[in-house]
Amino acid sequence: MPFDWLQIDGDNMVMTDVPADSTLPLQISVDSSGIPSGWYYNTVNISSNDPVNPWLSIPFNVRVGTPDFELNPGYLGFPVLQVGETDSLDFEIVNTGEIGLVGSVTAPQNFRVEVVGGLRVRDANTVDFYAYPGIAATFRVFFSPTEAIDYQEQITINTNTGTPQYLPVYGSGVAIPIVETLPATAIEVQAATGHGRLISSGNLLITERGICWNTSGDPDLEDNHLAYEGSEDEFAITLSNLMHGTQYYVKAYVTNTLGTGYGEEQSFSTLWPTLVTSTDSLPDFGLVPVGEESEPQSFTISGNNLVDMVMLSSIGAFRIACHPDSAFGTQINLYPTDHILPETPIYVKFSPSETGLTEDTIVPLTVGGGACDVSLSGTGVSTPTVETATVLNITSTSAEINSRITDDGLAPVTACGICVNTTGAPTLADPHTDEGAQDDWFSSLLTELEPNTWYFARSYAQNLAGAVYGNQVQFRTQMVPEICVNDSLLQPFGKVIVGETSPADSLSMWANQIIDDLLITAPAGFQISLDPMSREFSSELILTPETGDIAPTKLYLRFAPTEGGNLSNQLTFSSTGVETHNLMLYGIGIVAPTVNTLDPAEITANSALGKGEIVHSGWSEITACGICYGLSPDPDLDDMHTITGTSQQDFSTQLEDLEGDTLYYIRAYATNAAGTAYGESLSFQTLLGHLDAPQNLIISLLGGQISLSWSAVIGANSYHIYRSADPYSEDWGEPIGTTAELNWLDPAPGNAAFYKVLASSEIN
């Protein structure tokens, strides 16, 4: 038996030192080249200087021969297996060789191999084994598919035969299908389109695909679902009869023979019906009488995604219509077309049935519609309430009535007052007062009533809602207030000199039904008193009535003019509520006359003509008038004066026995019952006396006219020309001309005439 098949480090003997605290590796190798088949034994002996174990023997055995094996069965075919599950099949490696079979078995991915009997497993897919000659090693292969596909793999067997062998292994992984849920599209009010995409059939036949949905989440085939009739991997299904404005959860699903797979959950919301109004509140309708209606106001409404009609309703106080001329009611139904309600006007009227503020909200209602309320407000007003209170201050023609507005009916009272008649239940068709806008107590004065008459009166008040009447009161007017005067004994006062007083004259008077003092007022120039002997005559007297009356009373009057002229005027008797009584008084005030002094004329050396003018007689007869004259200014009746014996307006008087060439002062005067009045003071100069006749008088005829010329006379300032048919006449008459020149032309001579010229010292 050979023994050299075993070597240490490539030699039969090795000697070496092993350092302390160290290890010496030795490589033992077997070389069976050229050794016949069979079992071989050998020993490795180790000697050392170890006193405890100086000698150690290690036996080695080796069998030399040809390895070989067979597989049973020749392949492994697994049945269809659901992904994630595991199945197993066994196979044997039979050692048909002459020596022990050493090797490993490696399974492909998704397969795992174990040695039956518990041989050590090297890793998840590979196990080592040893089989004696003629002995079979049993292996168990596990199939765990991770994908739904067909697996065609092989198990690799490496042995000491030197050539790997392969064991085919087959299997099919199957699974529930994999599907993707895509987002929904074409979302409408009651419909949407669900989408799915097949990702994997699960390696099995697809029997159904479709969409399932619900409103709570995680839908499956227990919920609403629809199957797709086609076979495309990507599919779409219309979901109908959905609820508006609702969130839906959807999943795509696919079913194969193993089961149903669902995609991830998607969600969408169907469209909400929407309503839009042009305003959320109409302006306040203001004050509207109960039982009447306001002018309409309007708003518009429109809607989208509607699934049913739109209903608008209001309470009875507010009525609605789609047209201002149509009938108004409390409800309107509007019907959309293709889920759309176009902009539609809604008209609203306020028709209050009771007094007070009314508020309402028109709430358009539709299935699923959002709120778009329109607020309304208005105030119903009613007629006011008024009461007639008291009648005061009743006279023969008037009365005062107090009334009160107790309730304005929520609308301002625009007019109120008292209606009055003599038959009862007076209305505004009868005479009435108007006190305008009031809100509480008011007073009305009735006038132009008939004396001693029964009247019926009612207060009234009017506002926006109309007029109403208060309770009726009745009253009787007083008898006519009366002031009576008996002047039968009163005579005209005649003429009284200003500053003097006439004797007293009298009249009697009395009054009935007066409510205030009686005032008796005398006009200017007259005085009154209750006592003819009193020194206290005055222009006014006040008499106080007793129970409305003044007993017959005697009044004394006298005339005391303060100015000249006719002073006729009225004596008045007046009192509140009574017609004033007037009595005409007559008297003439006398004053001194008014006179003017006129320029004197016909001045000669010893005479002159004095002139005067009576401007006013002083309302009395002129008893004397004339000219006062003297050598001092302002001559009066104590000086020289003339008396004309006439009372004409203009008068003249001859002043005689004057001194020649002397300055005299003159004043006209006039006398009446009031005395003597003077005019202004004037002056004049008398002439020098006798003057010579002009010399050298020449008379000639020039062109049919007589021309006279003469010589100047000393002291003369004028010349008087006389003409006569008789030169021997003693009366040549008045001068036909006067001139200051020394010539004169007669414009109208006769057939034959005689002329003379006299010189004069008159001041012209």
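Numbering starts at 1 and runs along the sequence shown. The structure displayed is predicted, hence computed values, not measured ones. All values below were derived from every heavy atom in this structure, side-chain atoms included, with hydrogens, water molecules and symmetry-related copies excluded.
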Where do [X] and [Y] come nearest, in terms of heavy atoms and distance?
{"X": "Leu543", "Y": "Met509", "value": "CD1-SD, 3.9 Å"}
{"X": "Leu507", "Y": "Asp487", "value": "CB-CA, 4.1 Å"}
{"X": "Ser294", "Y": "Val288", "value": "CB-CG2, 3.8 Å"}

Quick one: [atom1] on [X] to [atom2] on [Y], what's the gap to the nearest 0.5 Å?
{"X": "His339", "Y": "Thr274", "atom1": "NE2", "atom2": "OG1", "value": "12.5 Å"}
{"X": "Glu188", "Y": "Leu239", "atom1": "CD", "atom2": "CG", "value": "11.5 Å"}
{"X": "Leu541", "Y": "Thr553", "atom1": "CG", "atom2": "OG1", "value": "10.0 Å"}
{"X": "Thr477", "Y": "Ile394", "atom1": "OG1", "atom2": "CD1", "value": "8.5 Å"}
{"X": "Thr215", "Y": "Leu242", "atom1": "OG1", "atom2": "CG", "value": "10.5 Å"}

Report yes or no: does Thr270 contribute a side-chain atom to a donor-acceptor pair with the main-chain N or O of Gln190 at less than 3.5 Å?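 No; zero donor-acceptor contacts below 3.5 Å.
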
Donor-acceptor contact present, side-chain Thr181 to main-chain Glu264, <3.5 Å: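 Looks like yes, one N/O pair under 3.5 Å.
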
Assign the ring pair [X] / [Y] to parallel, tilted or perpendicular, where the plane angle (0 to 90°) is split at 30° and 60°.
{"X": "Phe350", "Y": "Phe285", "value": "tilted"}
{"X": "Tyr253", "Y": "His225", "value": "perpendicular"}
{"X": "Tyr460", "Y": "Tyr469", "value": "tilted"}

Would you check if there is a donor-acceptor pair between the side chains of [Y] and [X] at a distance under 3.5 Å?
{"X": "Asn486", "Y": "Ser488", "result": "yes"}
{"X": "Thr366", "Y": "Asp308", "result": "no"}
{"X": "Asn452", "Y": "Arg476", "result": "yes"}
{"X": "Asp284", "Y": "Ser377", "result": "yes"}
{"X": "Thr433", "Y": "Glu435", "result": "yes"}

pair [X]-[Y]: side-chain heavy atoms closer than 4.5 Å:
{"X": "Ile346", "Y": "Leu334", "answer": "yes"}
{"X": "Tyr249", "Y": "Asp223", "answer": "no"}
{"X": "Arg404", "Y": "Val386", "answer": "no"}

Salt-bridge test for Glu265 and Lys251: reply yes if a basic N is under 4.0 Å from a carboxylate O, no otherwise.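 No salt bridge links Glu265 with Lys251.
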
Inspect the surroundings of [atom1] in [X] and state if more than 12 heavy atoms from other residues, nucleotides or ligands are less than 6.0 Å away.
{"X": "Gln474", "atom1": "CD", "result": "yes"}
{"X": "Asp439", "atom1": "CG", "result": "no"}
{"X": "Gln472", "atom1": "CD", "result": "yes"}

